[in-house]
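Just below is one structure, and these are the notes that go with it.
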Amino acid sequence: ENERQHDAQLFAMAVLLSSYFIYNAKGVIDETAIQTLSVVTSMATHVAKSNPGWEAPHFMWVLRDFVLSLEDQSGRPMTATEY
């Protein structure tokens, strides 16, 4: 539990001091990723209300190892234009 709290505090400090927030995710966007971003958004909202001059860092979401399967409803391959 202490390690988890320490990680959260370190993460918060890094976001507050950064000009960019890069969220590096592997695979597709899922519910866990959305929940994680919800926590970050809540934290940023709280900080912004407490410090009117504070500017939130720019946000970049990097998806790694993401593959979009271009198939129609019957499973046949299709081109990007057909998609």
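None of the values given here were measured: they were computed from a predicted structure. In this chain, numbering begins with 1 at the start of the sequence shown.
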task = Identify, with sequence neighbours excluded, every residue that meets ring pair (Phe, Tyr, Trp, His ring centres under 6.0 Å) alongside Trp54.
result =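 Expected list: none.
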task = Taking ring pair (Phe, Tyr, Trp, His ring centres under 6.0 Å) as the test, write out the residues that go with Phe21, two or more places apart.
result =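 Applying ring pair (Phe, Tyr, Trp, His ring centres under 6.0 Å) to Phe21 gives Phe11, Phe59.
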Between atom [atom1] of [X] and atom [atom2] of [Y], what is the distance when rounded to the nearest 0.5 Å?
| X | Y | atom1 | atom2 | value |
| --- | --- | --- | --- | --- |
| Ser18 | Met13 | OG | CE | 11.0 Å |
| Glu3 | Leu10 | CD | CG | 11.5 Å |
| Leu37 | Trp61 | CG | CH2 | 4.5 Å |
| Glu82 | Glu71 | CD | CD | 12.5 Å |

message = If we ignore hydrogens and angles and just use 3.5 Å, is the side chain of Asp72 paired with the main-chain N or O of Ser74 as donor and acceptor?
response =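 Pair found, side chain donor or acceptor close to backbone of Ser74.
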inquiry  = Given 3.5 Å as the limit, does a donor-acceptor pair link the side chain of Gln5 with the main chain of Asn2, or not?
reply    =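 Not at all, since once roles are kept as given, no pair shorter than 3.5 Å links the two residues.
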key: Same apolar cluster (I L V M F W Y, side chains within < 4.5 Å links), Ile34/Leu63   =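 In one cluster with Ile34: Leu63, yes.
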Residues, nucleotides or ligands: over 12 heavy atoms within 6.0 Å of Gln35 CD =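 For Gln35, atom CD is crowded (more than 12 foreign heavy atoms under 6.0 Å).
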query = Can you find a heavy atom in the side chain of Met60 that is under 4.5 Å from one in the side chain of Val62?
reply =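 They are in side-chain contact.
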